[in-house]
Amino acid sequence: MMKFIFMIMFMIPLCLLKNIYWMIQMMLLLMMFMFMNLNLSMNFSNMSYMFSCDIISFGLILLSIWICLLMIMASENLYKEKFYENFFLLNLMLMMFMLFMTFSVNNLFMFYLFFEGSLIPTLMLIVGWGYQPERIQSGIYLLFYTLFASLPLLLGIFYLFNEMSTMMMYFMKFYDVNMFLLYISMILAFLIKMPMYFVHLWLPKAHVEAPVSGSMILAGIMLKLGGYGLLRIMILIQGIGMKLNFIWIIISLIGGFYISLKCLCQIDMKSLIAYSSVAHMSLVIGGIMTLNYWGFMGSYILMIGHGLCSSGMFCLANINYERLHSRSLFLNKGMMSFMPSMSLWWFLLLSSNMAAPPSLNLMGEISLMNSLVSWSWLTMIFLMMISFFSASYSLFLYSFTQHGKFNMGIYSFYSGLSREYLILVLHWLPLNLLILKIDYSMIWF
């Protein structure tokens, strides 16, 4: 793991050179293929005092590198307009470093440190490269929602260290926590990061104000930090979790249903995609909280699938925004007349979003439904609703943007660029081809 960390660290000063933009992207690509060739056994491998890698870390680090190199590709406008592109790259590499460390450290305190640290580059992305003046407010929302729950988590970690005299994640299985306050403090920060319904308000705000790269990293990786934290921490609190987890499952499922309805009321493309993320993540929370095999597997697969799918959809919304300078569904109409090929990509990514085969989302949702229905058959009602409405808002977004009478105010228009099609291919291919090697995700326990 150290070799990759050194690679990222030596790439950070490179960002300040002139005309290095595409070089950084190529180096990230190289790093990704090197990382894919890691010899990975099913349990923890590449272990040291500090770092380790198992299937969960492996998949999420791979996703981080992939989304980061696609972010560079999607933000070509910054490069063309010379809009502080070197600082943008610097910010990106710092974020890459934070994410890599978050997913690979096995010390709980270091995990906390990098988990919180990854917030800063995201905040800088939104405030520095966002579009509207409201981005300051959304940045504050993002910061305070997340920091509000982080202090209890820090205190909980210190208490654990006092009790166990170790911070290693492996030794947690020998210690069973049976305290209500500790349970809440350990879990709350991750639920806000996911985000769970009731504490989700920062997400649509941050997404709408963020530039395309900010939206991609938020949807692709930042939401997965919460899921990763929950997967790691659940072994510690499973005793009390069996008594209290039902609260989170109920909130998530009812919230997911309500948010799905709210998606159908949105008139802003980015806002609709952001709310759909909350609906998908509510299933992930439900799956992790059931504490069973199918739930853990399904949540991991859906996190990877959603990271690729949601990021691709934000790219599509941005492609329209760069041409029409509006994200309103009332102005983004009849796009099929202007960009017929792009219409196919809208369809492919939106069909993956509603969990059509052969996407990873389908596999994840089937596993999550299995886990939730085996936990209680009453969850079936809300699962049906969430599934049905996820198809509804996906089709709603597709038909609204692609069909209808286009806006007469469009006086000049250019078709899709090969770079944009390449970004979409690179989102869609892994999302639909990874299902061929689904056995890796299915047997990591």
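Nothing fancy with the numbering, it's 1 onward along the sequence.
- Residues L261 and M385 fail the side-chain proximity criterion, which asks for heavy atoms closer than 4.5 Å.
- The list of ring pair (Phe, Tyr, Trp, His ring centres under 6.0 Å) pairs with a residue in residues 316-336, not counting sequence neighbours, reads Y131-Y321.
- Screening residues 367-386 for ring pair (Phe, Tyr, Trp, His ring centres under 6.0 Å) gives F257-F382 as the qualifying pairs, with residues at least two apart or on separate chains.
- Counting only heavy atoms from C-beta outward, the side chains of T401 and M342 never approach each other to under 4.5 Å.
- Under 3.5 Å, the side chains of S310 and S277 contain a donor-acceptor pair of N or O atoms.
- Applying the side chain to side chain contact (heavy atoms under 4.5 Å, CB included) criterion to L422, with sequence neighbours excluded, gives M73, L426.
- With no hydrogens or angles considered, no side-chain donor-acceptor pair links E365 and N361 at under 3.5 Å.
- Not counting sequence neighbours, the partners of E420 by the side-chain hydrogen bond (donor to acceptor under 3.5 Å, both in side chains) test are R323.
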Show the atom names and distances, to 0.1 Å, of all donor-acceptor pairs under 3.5 Å that link a side chain in residues 219-226 to residues at least two apart or in another chain.
{"residue": "K224", "atom": "NZ", "partner": "A219", "partner atom": "O", "Å": "2.8"}
{"residue": "K224", "atom": "NZ", "partner": "H306", "partner atom": "ND1", "Å": "3.0"}

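- Scanning for side-chain hydrogen bond (donor to acceptor under 3.5 Å, both in side chains) contacts around N353 gives H280, S394, with sequence neighbours left out.
- Contact check for L160 versus L236: side-chain heavy atoms found under the 4.5 Å cut-off.
- Annotation: salt bridge (Lys or Arg N to Asp or Glu O under 4.0 Å) contacts involving residues 230-239, sequence neighbours excluded, comprise D54-R232.
- By the side-chain hydrogen bond (donor to acceptor under 3.5 Å, both in side chains) test, Y398 pairs with S343, sequence neighbours left out.
- Counting only N and O atoms by type, the side chains of N292 and T290 include a donor and acceptor under 3.5 Å apart.
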(request) Check the pair F114 / F100 against side chain to side chain contact (heavy atoms under 4.5 Å, CB included), numbers first and verdict last. (result) CA-CA 9 Å; F114 292 115; F100 190 94; over 6 Å; no
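- Two residues are said to be in side-chain contact when any heavy atoms from C-beta on lie closer than 4.5 Å; L362 and M354 fail this criterion.
- Considering only heavy atoms from C-beta on, I12 stays 4.5 Å or farther from M96 through its side chain.
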Can you give me every donor-acceptor pair (side chain of residues 187-207, partner residue at least two apart or in another chain, under 3.5 Å) with its distance?
{"residue": "H200", "atom": "ND1", "partner": "F198", "partner atom": "N", "Å": "3.3"}
{"residue": "W202", "atom": "NE1", "partner": "I192", "partner atom": "O", "Å": "3.1"}
{"residue": "W202", "atom": "NE1", "partner": "V199", "partner atom": "O", "Å": "3.4"}

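- Note on residues 212-245: pairs passing ring pair (Phe, Tyr, Trp, His ring centres under 6.0 Å), not counting sequence neighbours, are F103-Y228, F111-Y228.
- Residues L125 and M95 have side chains in contact (heavy-atom distance under 4.5 Å, counting atoms from C-beta outward).
- Between F35 and F58, the distance from one ring center to the other falls under 6.0 angstrom.
- Every side-chain hydrogen bond (donor to acceptor under 3.5 Å, both in side chains) that K270 has, sequence neighbours left out, goes to S215.
- A heavy-atom distance below 4.5 Å is not found between the side chains of D268 and L272.
- In this structure the side chain of Y159 reaches within 4.5 angstrom of the side chain of M179, judged on heavy atoms.
- Between Y84 and N91, the side chains place no donor N or O within less than 3.5 Å of an acceptor N or O (distance only, hydrogens not considered).
- E116 pairs by the salt bridge (Lys or Arg N to Asp or Glu O under 4.0 Å) definition with nothing, not counting sequence neighbours.
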